[in-house]
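For reference, the structure is listed below as structure tokens.
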Amino acid sequence: MLKKHIIKIIELTTYISFGTLIACAVWYLVTLLSRGEPIASASMPYITLWEIPLLGFLCAVGTDIAMSASSELTANQVRVRIALHYVYINAVVLICGYFFGWYELTVSGVLLMLLTSAVIYAFTFFFTFFKDIKTADKMNRRLKDYRENK
């Protein structure tokens with residue numbers, strides 16, 4: 001059981017970190033272009049290479065905890081759990097992003113961070129959802145084959 005959680009956390013950390021990396025690259029490109037700076041001379045602080053997976057890991061651990069159902073949940077319980085999870089993710093992103101210096105504490109800075117977080121959330125949800133559907137289809141095919149060969 002613990003192995004399953006560790007694998008899920010590693011998988012989610014990968015998805016979230018990749019989405020965050022893409023978002024950082026896009027925002028950095030937008031910043032460079034808006035300032036008229038050449039892209040070829042761009043550099044990134046070394047610490048950012050550690051900040052991205054740390055953020056991904058913190059979000060992944062919270063995701064694993066929030067989305068691990070101990071029993072069957074009603075539709076309303078699932079909605080509440082997803083809403084609380086989304087609040088958690090945004091809190092982690094805003095707090096870490098602020099301390100990492102990824103945005104300025106202004107209304108536009110916070111809104112852009114929340115928008116970026118929403119895009120990464122959707123990206124991660126998309127990949128996780130379709131992976132889970134693929135796994136469920138595979139399990140259903142195996143059950144069907146088992147019943148037919150019984």
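All values below come from the heavy atoms of this structure, side chains included, with hydrogens, waters and symmetry mates left out.
Hydrophobic clustering (ILVMFWY, side-chain heavy atoms < 4.5 Å, transitive): Ile7 and Ile10 are in distinct clusters. At a threshold of 4.5 Å between side-chain heavy atoms, the hydrophobic network of Ile, Leu, Val, Met, Phe, Trp and Tyr places Ile9 and Leu12 in two separate groups. Two different hydrophobic clusters hold Trp50 and Phe99 under the rule that ILVMFWY side chains link at heavy-atom gaps under 4.5 Å. Residues Val110 and Tyr88 share a hydrophobic cluster, clusters being chains of Ile/Leu/Val/Met/Phe/Trp/Tyr side chains in contact below 4.5 Å. Leu2 and Ile65 fall into different hydrophobic clusters, defined by Ile, Leu, Val, Met, Phe, Trp and Tyr side-chain heavy atoms under 4.5 Å apart, directly or through other members.
The minimum heavy-atom distance between Gly97 and Met113, with the atom names listed, is CA-CE, 3.9 Å. For the pair Tyr28 and Ala42, the tightest heavy-atom approach, listed with the atom from each and the gap, is CE2-CB, 3.7 Å. Considering all non-hydrogen atoms of both residues, Gln77 and Glu72 come closest at OE1-O, 4.3 Å. Nearest heavy atoms, Leu94 versus Tyr103: O-OH, 2.8 Å. Taking both residues in full, the closest heavy atoms of Thr63 and Ile89 are given as OG1-CD1, 3.8 Å, listed atom of the first, atom of the second, then distance.
Taken from OH in Tyr86 to CG in Leu114, the straight-line distance is 6.5 Å, to the nearest 0.5 Å. Considering CG of Asp64 and NE2 of His85, their distance stands at 9.5 Å, rounded to 0.5 Å. Distance CG/Leu58 to CD1/Ile95: 10.0 Å, rounded to 0.5 Å. The structure places CZ of Arg141 at 11.5 Å from CE of Met139, a figure rounded to the nearest 0.5 Å. One distance of note links CE of Met44 with CG of Leu49; it measures 4.0 Å at 0.5 Å rounding. Remark: Leu54 CG to Phe100 CZ distance equals 4.5 Å, nearest 0.5 Å.
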Which donor-acceptor pairs under 3.5 Å do the side chains of residues 16-27 make with protein atoms, sequence neighbours left out?
{"residue": "Ser17", "atom": "OG", "partner": "Thr13", "partner atom": "O", "Å": "2.7"}
{"residue": "Thr20", "atom": "OG1", "partner": "Ile16", "partner atom": "O", "Å": "2.7"}
{"residue": "Trp27", "atom": "NE1", "partner": "Thr116", "partner atom": "OG1", "Å": "2.6"}

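Residues that satisfy the salt bridge (charged side-chain N to carboxylate O under 4.0 Å, His left out) test with Glu11, not counting sequence neighbours, are Lys8, Lys131.
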